[in-house]
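Proteins get letters first, then strands, A, B, ... in listed order; numbering begins at 1 in each.
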2 protein chains.
Amino acid sequence: MATIHDVALKAGVSVTTVSRVMNNRGYISETTRSKVYQAMNELNYQPNEIARSLLRKQSNILGLIIPNVSHPFFSQLADRVEYYADMEGYKVLLCNSQMDPSKERDYIEMLKRNRVDGIIMGSHTLEIEEYQNLRSPIVTIDRKIDEEIPCLSSDNYRGGQLAAELLVAKGCRKIAHICGNLDLKMLSNQRTDAFLDVVGRAGVGHLVVQTDMNVFNESLYSELLHTLLESNPDIDGIFATSDILAAYALKECIRAGKRVPEDVRIVGYDDVGAARWLTPELTTIRQPIDELGHQAVRLLHRQIEGEQVSFNNVLSVELVERETT
Amino acid sequence: MATIHDVALKAGVSVTTVSRVMNNRGYISETTRSKVYQAMNELNYQPNEIARSLLRKQSNILGLIIPNVSHPFFSQLADRVEYYADMEGYKVLLCNSQMDPSKERDYIEMLKRNRVDGIIMGSHTLEIEEYQNLRSPIVTIDRKIDEEIPCLSSDNYRGGQLAAELLVAKGCRKIAHICGNLDLKMLSNQRTDAFLDVVGRAGVGHLVVQTDMNVFNESLYSELLHTLLESNPDIDGIFATSDILAAYALKECIRAGKRVPEDVRIVGYDDVGAARWLTPELTTIRQPIDELGHQAVRLLHRQIEGEQVSFNNVLSVELVERETT
DNA sequence: GTGAAAGCGCTAACAA
DNA sequence: TTGTTAGCGCTTTCAC
């Protein structure tokens, strides 16, 4: 692969000159410029970004750590992150922690060694302290580390509230809420808080079921939902904390011979593509995934530029009523 | 951020010595070694991989170009690619071409400028010639460029055959096949070839419908399927070229008051997670996504190591019969 | 307008 | 066992 040196040689100028025409800096005569361009073309020259990064102390790479791109929410988020990153001139390094703390730790170290300009943390398997001394522009998604680290999320409490209120308004008398592991201090736990507030205030029967939310254990979802419906045949409303979970709820309802929405009403969360693939289409709480990706990149970009950014960034959610309610 | 120089200074040795302990090369006394380690810890030193890459002329980065990570097939593939890449010590740079030729071209250039060690091409919007002179370890997925560029795919003809044969065996008399744009010279067109061969041989009525397969236009899928079923009420079998397409087919069948599988039988393709989210669960042709990711990385790795790899790599598919047939 | 030289952080001869 | 030096490909003073 040709270097700036080869180009200079072929064009009969110095490397400085070649560098100048590449970067459009300083004055260069038209003849020199075209000689250089021609040499570049003939050699099929591509400037070595690694050398540039070393000098500039900036890689223009962003690290994206998520549990798993194969999860629909994260795959859609990754798409938007990459899209906006590209618009701002950043590339993105994909890291799937697979929910494994030691993998997550290794990825963080790797990203630092590779001098990425910023990190988007969508996976949170480590203790707070481990994130605190990483001194890189960073933005966390859906988890508040401390008051020093910018956090981006959508309004989880509001989402839980909208979902619960809808089910109550539709007349549900016994509502099951299926959520992730509440021990992890994620902001998504606020959905559960809101749910409990709403049903408590309305005096509606309810129960809360925790799952591990591990995308690899989807086979367990069917079982979980099956036993839930069997032991609580009077459930007439389900609020699931993801659309995938809601899909399994829908499936088990139908299998149990219940009609949706007549006998059981279901609300999902996220509004990923799958919400519209189901029949009946899923009523759900829409997270603004495009905007989350946009803001994640923007918050990082501004930190990289040395700006101060706010530590609490919450976007609004929206109820999308379809056919399961 | 501390450099090797700072470490050397603090440990009272030369940079070479520090480099040596980092890389475990040559002989170093235990005292020196521990002095260096201590200095590293105190300074929280992380070796600069950019500098290393420059010197070693190897970035340990792989480029992954796909139409869109938000598409379930590619999101699951990206997950596996990243997984196996990580195991082999590679990082992966995510590029969503969004099916835009100029974006795809830009990504290819960007990856070359960044001296990635290899490229996985899962998006194919350019003309053959543009891929031919890119002189990088590469593997294409599902498209044969020429006899010089390693190609990885699963057995598309066999997949189409399995699907068509199943529908025929189940007694379908008029089968619709919904596929992507056949003008793109993708290997997935072989599914259509196989379909036509099977139904032709069996003398079963059929029709072929092309779509654009652009994941952003999912709203068009509903319309397409709706009019298809309306104008051909006697369709009793559908072979869709992706599970998502099959999901829309299922939905429109149900909306049209048809029972699945009693009135219409449906076969999808890929066996992504969504196939099990639907009710009834989708019968589909399983692509070995994990193995595709594994082999993609492996083919690249071997090229990087200077080995000769075979240009034609096809993995086998499998019929997964669930509830829609 | 253009070039020579230094240096980004690291590794690899070659000496000592 | 350790250090000195050159150089990876590029940009940036500072001269000319």
Side-chain angles (χ1 to χ4, degrees), chain A residues 1-40 43-61 89 109-117 136, chain B residues 1-40 43-61 89 109-117 136:
Chain A
M1 185 131 264
T3 76
I4 196 174
H5 220 92
D6 303 325
V7 177
L9 218 63
K10 172 151 250 159
V13 297
S14 74
V15 292
T16 315
T17 305
V18 176
S19 174
R20 282 210 188 83
V21 348
M22 272 202 294
N23 300 287
N24 258 313
R25 261 194 252 299
Y27 301 98
I28 0 165
S29 71
E30 267 315 313
T31 36
T32 320
R33 187 191 295 275
S34 58
K35 263 192 306 183
V36 170
Y37 275 136
Q38 193 182 339
M40 283 177 165
L43 292 171
N44 210 311
Y45 173 70
Q46 303 277 12
N48 185 331
E49 288 294 337
I50 296 182
R52 287 179 157 182
S53 298
L54 179 58
L55 205 60
R56 201 187 314 122
K57 296 172 180 315
Q58 190 171 322
S59 60
N60 287 316
I61 298 182
E109 297 246 294
M110 180 277 276
L111 293 175
K112 293 180 79 172
R113 284 198 309 272
N114 283 276
R115 301 298 190 265
V116 297
D117 294 343
S136 155
Chain B
M1 185 131 262
T3 76
I4 196 174
H5 220 90
D6 303 324
V7 177
L9 216 64
K10 172 150 249 158
V13 298
S14 74
V15 293
T16 314
T17 304
V18 177
S19 175
R20 281 208 188 87
V21 347
M22 273 203 294
N23 300 286
N24 258 314
R25 259 194 254 300
Y27 301 96
I28 4 173
S29 70
E30 266 316 312
T31 35
T32 320
R33 188 191 294 275
S34 58
K35 264 193 305 183
V36 170
Y37 275 136
Q38 194 183 339
M40 283 177 166
L43 292 170
N44 210 309
Y45 173 70
Q46 303 279 10
N48 184 331
E49 288 295 336
I50 296 181
R52 287 179 156 181
S53 298
L54 179 60
L55 202 62
R56 200 186 315 123
K57 297 173 179 315
Q58 191 170 321
S59 60
N60 287 315
I61 298 182
E109 297 246 294
M110 180 276 277
L111 293 174
K112 293 180 78 172
R113 285 198 310 272
N114 283 277
R115 300 299 191 266
V116 297
D117 294 343
S136 156

Check: Met1(B) and Arg115(A) side chains under 4.5 Å, non-hydrogen atoms: yes

Glu109(A) bridged to Lys112(A) by N-O distance under 4.0 Å: no

Nearest-Å distance for atom pair CZ/C1', residues Arg115(A) and dC10(C): 11 Å

Distance in angstrom units between Arg25(A) CZ and dT2(C) C1', rounded: 16 Å

Ser19(A) side chain to Thr16(A) side chain, donor-acceptor N/O pair below 3.5 angstrom: no

Whole-Å distance separating the CG atom of Asp6(B) from the P atom of dC8(C): 11 Å

Gap between atoms CG and P, on Asn24(A) and dG1(C) respectively (whole Å): 15 Å

Gap between atoms CG and P, on Leu9(A) and dT2(C) respectively (whole Å): 17 Å

Side chain Asp117(B), main chain Gln58(B), donor-acceptor under 3.5 Å: no

DNA chain D: 5'-most and 3'-most nucleotides touching chain B, 4.0 angstrom heavy-atom criterion: dT1(D) to dG9(D)

Side chain to side chain contact (heavy atoms under 4.5 Å, CB included) between Asn114(A) and Ile50(B), worked out: CA-CA 6 Å; Asn114(A) 283 276; Ile50(B) 296 181; 5.6 Å; no

Donor-acceptor pair (no angle test) under 3.5 Å: Arg33(A) side chain, dG1(C) base: no

Nearest-Å distance for atom pair CZ/C1', residues Arg20(B) and dA15(C): 11 Å

Check: Leu54(B) and Asn48(A) side chains under 4.5 Å, non-hydrogen atoms: yes

Contact residues, residues 47-60 of chain B to DNA chain D [heavy atom, < 4.0 Å]: Leu54(B), Leu55(B), Lys57(B)

Working for side chain to side chain contact (heavy atoms under 4.5 Å, CB included), residues Tyr45(B) and Asp6(B): CA-CA 9 Å; Tyr45(B) 173 70; Asp6(B) 303 324; over 6 Å; no

5′-ward residue of the pair Tyr45(A)/Val15(B) relative to DNA chain D: Val15(B)

Sugar-phosphate only, base, or nothing, as touched by Thr17(B) at under 4.0 Å among non-hydrogen atoms: sugar-phosphate

Main-chain N/O of Glu49(A) paired with Ser53(A) side-chain donor or acceptor, under 3.5 Å: yes

Under-3.5 Å donor-acceptor pair between Ser19(B) side chain and dA12(C) base: no

Any side-chain heavy-atom pair of Val18(B) and Val13(B) under 4.5 Å: yes

